[in-house]
Undergrad: 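Structure below; questions to follow.
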Amino acid sequence: MLDRKFIVDNVELVKQNCKNRNAPADVDRFVALEEQRRTLQSQLDEANRKANETARSIGKAPPENREVLKEEGRRIRDEAAQIQQKLDQITSESDTIVRTIPNLSHAAAPVGVDDKANLELFRGKTPIPQFDFKPLDHVELAEKLDLIDFEGGARVAGHGFYFLKNDVVLLDLALQRYVLNVLLKEGFTPMTTPDLARNDVLQGIGFIPRGPETQIYSIEGSDLSLVATAEITLGGLFSGQTVDAEDLPLKLCGISHCFRTEAGAAGRASRGLYRVHQFTKIEMFAYTLPSESDNMLEYLRDMECRIFDGLGVPYRVVDTATGDLGGPAYRKFDLEAWMPGRGDFGEVTSTSNCTDYQSRRLNIRYRVKGEKGTRLVHTLNGTAIALSRGLIAVMENYQQADGSIVVPEVLRAWMGKDRIEGKK
RNA sequence: GGAUGGGUGGCAGAGUGGUCUAUUGCGGCAGUCUUGAAAACUGCAGUGGGAGAAAUUCCACCGGGGGUUCGAAUCCCUCCCCAUCCGCCA
């Protein structure tokens, strides 16, 4: 969330930003509530002060005076309780509004209400492959080579689940190992993370665990949800913590399963592995000083490019338009890989600078040695690889006329073979 | 899952209803002494929010939330976490 004071001091800016981001939020109402809230807070402080004063005096007062003072104390506490009640009411309403106000937007982010305004920045090193045969999509390839069991997945858990099988299991693990290796050389701390997290962590990161539109599976009878990304767990990792400025930036990468209900996604591209309820992902996450987050975003984007250039998968880099940014993102770049099966690009990574939008709610701060007080860190996240879509990209781009799939050079050592041929 | 003991400032650790405005030690910062350093001594120090030009001042915070009370770190309820033991288990 944004800083309350900042909103009040920059009403027009915030309203314009909401408009650019296609986010309906009642900023005026918020400002009015905030004014009331401040007034009530002062009144409450004053009432508490009087109550404290009275309470302290009783201990020192002669016994015969005590009853009178107690009565006075009761009266003041009643008064304070009434103010508190009003304050709670107003705070609750203004909290609801402030949660709907998105982060500010980077000045260079393309302005536009939806993804049509997204801007292609550049292409990856690998050219789009020209096949002298009709390329198959990954579902057909998997069928021919016996690599993925979608029907079995549906039987066990419903549509959107699948079994990886045979060589694609090796390919899946090889991709993970390759990506991990790239990240380790860059000094990322590797972590495997919980696949469940508390709802307040989900909310701090910007996910809404319940409600009709939710993308999140929640565990009945508990305060836990299945994570949609390791961004949630890696961001929650430092919630409530204060880190030393000299320890920043922190670069983490987390491997987790990701679960998404994909509510409302019917009709969109959902064939095969593209849009599924469960997949594995390696996520990069960084905590930085505010002055460093712009650079870190470029760095994370470069890492994504290196990973896909290394794999020899063609892609384009897209600068996300304001209206297509999620609430917490200040700026976002996506990599869209070429997917011959659909004859189009499909999103494979996404990296965002969330500035202090997440850290404010999660209360993640840093301290500068010798300086008084603490400040909020900036948080960033980026997909290193989402295995489901990574598999699509590799399988489809590396398919051969004879129906086999060549294993990308960088994966061969991890994979133990250089071609997937199926059993014939 | 059960039992017991715990959760207090950067760390350690005292504090079972009112001089707590939280003892003390270590560590930190500043100063004295010293060529310099160490030691010793003296002093200063938490986080968040509000008022003020500032000195300053007020409020909240002793794991989270709620309760009892004029008054809670302290008593009660509840949740979370940690330790140890037991049970179960890959």
Undergrad: Could you state the CD-C1' distance from A:Gln241 to B:U47, rounded to the nearest angstrom?
TA: 14 Å
Undergrad: On a whole-Å scale, what distance lies between the C1' atoms belonging to B:U74 and B:A14?
TA: 13 Å
Undergrad: Determine, for A:Arg361 against A:Asp356, whether the closest basic-nitrogen to carboxylate-oxygen distance falls under 4.0 angstrom.
TA: no
Undergrad: Can A:Asp28 and A:Lys15 be counted as an ion pair, charged N to O under 4.0 angstrom?
TA: yes
Undergrad: Salt-bridged, A:Asp334 to A:Lys332, with N to O below 4.0 Å?
TA: yes
Undergrad: On a whole-Å scale, what distance lies between the P atoms belonging to B:G28 and B:C86?
TA: 42 Å
Undergrad: Taking atom C1' of B:G65 as reference, at what distance in whole Å does atom CG of A:Asn199 sit?
TA: 16 Å
Undergrad: Between B:C62 and B:G46, how far apart are the two C1' atoms, rounded to whole Å?
TA: 12 Å
Undergrad: Tell me which nucleotide, if any, is Watson-Crick or G-U wobble paired with B:C70 when both distances must be under 3.5 Å.
TA: B:G18
Undergrad: So with a 6.0 Å cut-off around CD of A:Gln89, is the heavy-atom count from everything else above 12?
TA: no
Undergrad: Please determine, for B:A40, whether a Watson-Crick or G-U wobble partner exists with both distances under 3.5 Å, and give it or none.
TA: B:U32
Undergrad: What is the distance, to the nearest angstrom, from the CZ atom on A:Arg75 to the P atom on B:U69?
TA: 18 Å
Undergrad: Is atom CZ of A:Arg375 surrounded by more than 12 heavy atoms (other residues, nucleotides or ligands) closer than 6.0 Å?
TA: no
Undergrad: Rounding to a whole Å, what distance do you find between A:Leu237:CG and B:C81:P?
TA: 16 Å
Undergrad: Between A:Glu304 and A:Arg301, is there a side-chain N and carboxylate O pair less than 4.0 Å apart?
TA: no
Undergrad: Measure from NZ or CZ of A:Arg342 to the centre of the six-membered ring of A:Tyr274, then state whether that distance is under 6.0 Å and the direction lies within 45° of the axis.
TA: yes
Undergrad: Which comes earlier along RNA chain B counting from the 5' end, the contact point of A:Gly373 or that of A:Arg198, where each point is its nearest nucleotide?
TA: A:Gly373
Undergrad: Specify the separation, in whole Å, of atom CD1 of A:Ile58 and atom C1' of B:G17.
TA: 13 Å
Undergrad: Just to verify, what does A:Asp114 make a side chain to side chain contact (heavy atoms under 4.5 Å, CB included) with, not counting sequence neighbours?
TA: A:Lys116
Undergrad: Which nucleotide sits closest to the side chain of A:Thr374: B:C70, B:G48, B:C81?
TA: B:G48
Undergrad: Calculate the interatomic distance between A:Lys70 atom NZ and B:U68 atom P; express it in whole Å.
TA: 16 Å
Undergrad: Considering every strand shown, what is the Watson-Crick or G-U wobble mate of B:C85 when both distances are under 3.5 Å?
TA: B:G2
Undergrad: Whom does B:A51 pair with, Watson-Crick or G-U wobble, provided both distances fall under 3.5 Å?
TA: B:U56
Undergrad: Could you write nucleotides 49-63 of chain B as a row of B, S and -, 5' to 3', where a protein heavy atom under 4.0 Å of any base atom gives B, of only sugar-phosphate atoms gives S, and otherwise -?
TA: BSS------SSS---
Undergrad: Would you kindly give the CG-to-C1' distance between A:Asp88 and B:G65, to the nearest whole Å?
TA: 13 Å
Undergrad: Can you tell me the Watson-Crick or wobble partner of B:U23, both distances under 3.5 angstrom?
TA: none
Undergrad: Could you state the CD-C1' distance from A:Glu246 to B:G10, rounded to the nearest angstrom?
TA: 13 Å
